[in-house]
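Quick notes on the structure that follows.
Labels below follow one simple rule: chain letters A, B, ... track the order of the sequence lines, proteins then strands, and each chain is numbered from 1.
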Amino acid sequence: MALAENLTPAKPDPAGLLAWYDRHRRRLPWRAGPGERADPYRVWLSEIMLQQTTVVAAGPYFLKFLDRFPDVRALAAAPLDDVLRLWAGLGYYARARNLHACAKAVVERHGGMFPDSEDALLDLPGIGAYTAAAISAIAFDRRATVVDGNVERVVTRLYAIEDELPRAKAIIKKYAEPLTPSNRPGDFAQAMMDLGATICTPKKPACTLCPWIDPCEARKLGLQETFPRKAAKAERPSRTGVAFFVRRADGAVLLRRRPEKGLLGGMVELPGSEWATKFDGDAAMLKAPLKASWCSKGSVTHVFTHFALELRVFAAAVPITTAAPAGCWWSDEVDEEALPNVMRKAVEAGRA
DNA sequence: CACTCGTGGTG
DNA sequence: TCACCAAGAGT
C-alpha cells in the first residue's frame, strides 16, 4: 500500500472529502438535514443572502424572510418596499431588488418552480455563475461546480496556482471542474466550501486536520498561506457630507428616498449634502431641507467597500405645522423604515 | 476587464 | 487600529 502511494502521486479524492463532510457537517439554518430533500426556495434565498456576507450575518435575515415569506409566491406577491425594509442592514441592496425580481420571474416564467439547470438559473435576476451552480448542485443534486472564495482558496492551494485573482478565476474553474463527482455533487459543493471555511482558512489553515493534506502542492512547499495570489489593492479614499436630522414637535422625522440605482439604491436616508472628496462645509449647509436653527451633533463614520465616509450630523426641532419639503416626508416610525446602517448611525447621533 | 456595491467580524 | 475578507452580481 505504501509502495503504491509512492508510485502514484496523491490526487485529491472526492470520496475522501465527502467522508470528511459527513463527519463534520455543520448545522445551518438553510441546510437540509441528512437524507432530507432540499427546498429550492430556501437554497436560493440563502445563497443570495450569503453573497459576500458571512453565515453569522445572514442567519437572522434568512429566518426573518422565511417567516414573512414562506415560499416564492408569497415573496413575489409582496410590495418591493416590504422586501427592502426587511433587508435593511444587510448591505448590497441591489440584491434585495433582484431577489424580488427573481421571485416574480420564477412565478411568471416557471410557474413558481425554480429551474434545475445552470443555464436557466443564470437567466434569472441576481443569479450569476456561482449561485447558478450552487442552486443546481445543492437544491437539485445536479453535477455543477461551484467556485466561491472558499473554493478559490482550496483549489489555488491544492495546485499552487500562481495566477492572480481575479484573472485566475477561469483557471481555477478548470482545475475544480474535474474534481466534482457525479455522486452527491450537492454535498460535494458544500463540502468544498466548508473545507475552505473551517480548515483551509485564509490565515493559519489547519492543514493537519485536512483530508487533502497529501495532495496539496502549496502545503508541500510550505506556502499555503500565500495562496491565492491577488492583484494589488487600490487604496480607499475618504468622503465627507452633511446629514440633517429634523424632528417635528410630535416626534416625526424628516426622510427621503435615494435613487433606485447606485449606492444604497432605493433605501431611505436623512436629507443632506453630497458626499464629496473635497468637502465644502458652507456649501453643504446650504443643502438644508428647510430653514431652522441647526445644532451640531458631531459626526458619524462609516466604511464602504470603496470609500470611507464622515457624515456630519446637524439637528433641529420644528413646529408641528411645518410642511415637508419637496422630495421628503415625515415618518412617525423612523426605526421601521428601510434605513441602511450608515443612516441608523446618523439618526442615533441626531437624537442624542 | 475594472469598477461599483454594505456591513461586521477578525487577527 | 486597520487591512483583510465573507457561499458575488451587474455593468
Side-chain angles (χ1 to χ4, degrees), chain A residues 26 28-31 42-62 84 87-99 101-102 121-139 144-154 164-170 172-173 176 186 188-198 200-205 225 228 230-238 258-267 269 300-309 338-345:
Chain A
R26 296 187 293 169
L28 300 173
W30 43 82
R31 186 170 279 180
R42 298 185 188 204
V43 172
W44 163 71
L45 180 60
S46 68
E47 290 300 341
I48 301 301
M49 289 184 171
L50 288 165
Q51 289 166 2
Q52 295 292 283
T53 304
T54 60
V55 165
V56 173
Y61 284 85
F62 176 80
L84 290 178
W87 195 278
L90 194 53
Y92 285 140
Y93 297 99
R95 291 186 296 172
R97 297 179 164 283
N98 286 330
L99 185 83
C102 184
L121 286 161
L122 269 174
D123 279 336
L124 293 167
I127 297 183
Y130 162 76
T131 305
I135 295 174
S136 187
I138 297 171
T145 301
V146 302
V147 180
D148 72 332
N150 291 304
V151 176
E152 286 172 358
R153 195 164 53 250
V154 169
E164 290 184 341
L165 286 172
R167 189 167 38 79
K169 201 129 184 149
I172 294 169
K173 180 97 174 184
F188 181 79
Q190 294 175 87
M192 287 285 279
M193 293 189 283
D194 274 14
L195 187 68
T198 65
C200 196
T201 50
K203 295 169 190 169
K204 300 194 178 304
E225 278 203 56
K230 293 191 176 179
K233 65 281 179 193
E235 67 176 275
R236 197 185 340 250
S238 60
R258 294 178 62 87
E260 296 195 358
K261 304 256 180 194
L263 187 70
L264 308 176
M267 304 300 284
E269 69 172 357
V300 299
T301 60
H302 194 79
V303 180
F304 293 96
T305 303
H306 55 291
F307 69 93
L309 175 67
L339 286 180
N341 279 6
V342 58
M343 287 301 156
R344 294 192 189 285
K345 291 184 191 175

Touch class at under 4.0 angstrom, heavy-atom based, for Trp30(A) against every strand present: base

Spacing of Lys345(A) atom NZ relative to dG8(B) atom C1', expressed in whole Å: 10 Å

Interatomic spacing from CG in Leu45(A) to CG in Leu99(A) - rounded to 0.5 Å: 6.0 Å

query: Would one find a side-chain N or O of Tyr93(A) under 4.0 angstrom from OP1 or OP2 of dT7(B)?
result: yes

task: For Leu28(A), answer base if it contacts any base atom (sugar-phosphate contacts may also be present), sugar-phosphate if it contacts only those atoms, and nothing otherwise; contact means non-hydrogen atoms under 4.0 Å.
output: base

query: Looking for any heavy atom pair under 4.0 Å, which part of the strands does Thr131(A) touch: base, sugar-phosphate only, or nothing?
result: sugar-phosphate

message: Both Gly126(A) and Glu47(A) contact DNA chain C. Taking the nearest nucleotide for each, which residue is further toward the 5' end?
response: Glu47(A)

- prompt: Across the strands shown, which category fits Gly89(A) at heavy-atom distances under 4.0 angstrom: base, sugar-phosphate, nothing?
  reply: sugar-phosphate

task: State whether the number of non-hydrogen atoms from other residues, nucleotides or ligands found under 6.0 Å of Glu225(A) atom CD is greater than 12.
output: yes

- prompt: C1' atom, dG6(B) versus dC4(C): distance in rounded Å?
  reply: 15 Å

statement: Between NE2 of His302(A) and C1' of dC5(B) the distance, given in whole Å, is 11 Å

- prompt: Closest to the Leu264(A) side chain: dT7(B), dA6(C), dA7(C)?
  reply: dT7(B)

- request: Scan Ala129(A) against the nucleic acid and name what it touches under 4.0 Å (heavy atoms): base, sugar-phosphate only, or nothing.
  value: sugar-phosphate

- prompt: Base, sugar-phosphate alone, or nothing: which one does Arg258(A) contact when heavy atoms must sit under 4.0 Å apart?
  reply: nothing

- prompt: Is any side-chain nitrogen or oxygen of Asn341(A) closer than 4.0 Å to OP1 or OP2 of dG6(B)?
  reply: no

Sugar-phosphate only, base, or nothing, as touched by Lys233(A) at under 4.0 Å among non-hydrogen atoms: sugar-phosphate

query: If you take atom types as modelled and just measure distance, does the side chain of Thr53(A) reach the base of dG8(C) with a donor-acceptor pair under 3.5 Å?
result: no

- request: Could you tell me whether Pro166(A) contacts a base, only the sugar-phosphate backbone, or nothing, with contacts defined as non-hydrogen atoms closer than 4.0 Å?
  value: nothing

message: Quick one, Tyr130(A) with Glu47(A), criterion side chain to side chain donor-acceptor pair (under 3.5 Å). Give me CA distance, side-chain angles, the key distance, then yes/no.
response: CA-CA 9 Å; Tyr130(A) 162 76; Glu47(A) 290 300 341; 2.8 Å; yes

- request: With heavy atoms under 4.0 Å as the rule, sort Arg97(A) into base, sugar-phosphate or nothing.
  value: nothing

- request: Could you check if a side-chain atom of Asp194(A) sits within less than 4.5 angstrom of a side-chain atom of Arg26(A), using non-hydrogen atoms only?
  value: yes

statement: From the candidates dC1(B), dA7(C), dA6(C), the one with an atom nearest any side-chain atom of Arg31(A) is dA7(C)

query: To the nearest angstrom, how far is Leu263(A) atom CG from dG10(C) atom P?
result: 18 Å

- line: Taking dA7(C), dC1(B), dG6(B) as options, the one with an atom nearest any side-chain atom of Tyr130(A) is dA7(C)

message: Rounding to an integer number of angstrom, what distance separates dG11(B) and dA7(C) when you compare their P atoms?
response: 14 Å

Arg95(A) side-chain N/O to Ile48(A) backbone N/O, donor-acceptor pair under 3.5 Å: yes

task: Would you give the length of the straight line joining atom CE of Met267(A) to atom CG of Leu339(A), rounded to the nearest 0.5 angstrom?
output: 7.5 Å

- request: Can you figure out which of dT7(B), dC1(B), dG8(B) approaches the side chain of Arg167(A) most closely?
  value: dC1(B)

query: Between the base of dG6(B) and the side chain of Thr305(A), is there a donor-acceptor distance below 3.5 Å?
result: yes

query: Which is true for Gly262(A) with a 4.0 Å heavy-atom rule: it touches a base, it touches only sugar-phosphate, or it touches nothing?
result: sugar-phosphate

query: Between dA7(C) atom P and Arg95(A) atom CZ, what is the distance in whole Å?
result: 13 Å

- request: May I ask you to check whether over 12 heavy atoms, not counting those of Arg42(A), lie within 6.0 Å of atom CZ?
  value: no

statement: Taking dG10(C), dG6(B), dA7(C) as options, the one with an atom nearest any side-chain atom of Met193(A) is dA7(C)

message: Counting only side-chain nitrogens and oxygens, does Lys230(A) get under 4.0 Å of the OP1 or OP2 atom of dC5(C)?
response: yes

task: Return the value, rounded to whole Å, for the distance between atom CZ of Phe307(A) and atom P of dC3(B).
output: 16 Å

query: Between His306(A) and Phe304(A), is a ring-ring contact (aromatic ring centres under 6.0 Å, His included) present by the stated rule, with each step listed?
result: CA-CA 6 Å; His306(A) 55 291; Phe304(A) 293 96; 7.5 Å; no

query: For Glu260(A) and dT4(B), what is the distance between atoms CD and P respectively, to the nearest whole Å?
result: 21 Å

- prompt: Using a cut-off of 4.0 Å on non-hydrogen atoms, how would the nucleic acid contact of Val146(A) be classed: base, sugar-phosphate, or nothing?
  reply: nothing

Rounded distance in Å - NZ (Lys173(A)) to C1' (dG8(C)): 13 Å

message: Just N and O in the side chain of His306(A): are any of them under 4.0 Å from OP1 or OP2 of dC5(B)?
response: yes

message: Counting the atoms with a prime plus P, OP1 and OP2 as sugar-phosphate, which does Leu90(A) contact under 4.0 Å by heavy atoms, base, sugar-phosphate, or nothing?
response: base

Atom pair distance, as rounded to whole Å: CZ in Arg236(A) and P in dC5(C): 12 Å

message: Is the phosphate of dA6(C) approached by Gln52(A) (side-chain N or O, under 4.0 Å from OP1 or OP2)?
response: no

message: Rounding to an integer number of angstrom, what distance separates dA9(C) and dC1(B) when you compare their C1' atoms?
response: 15 Å

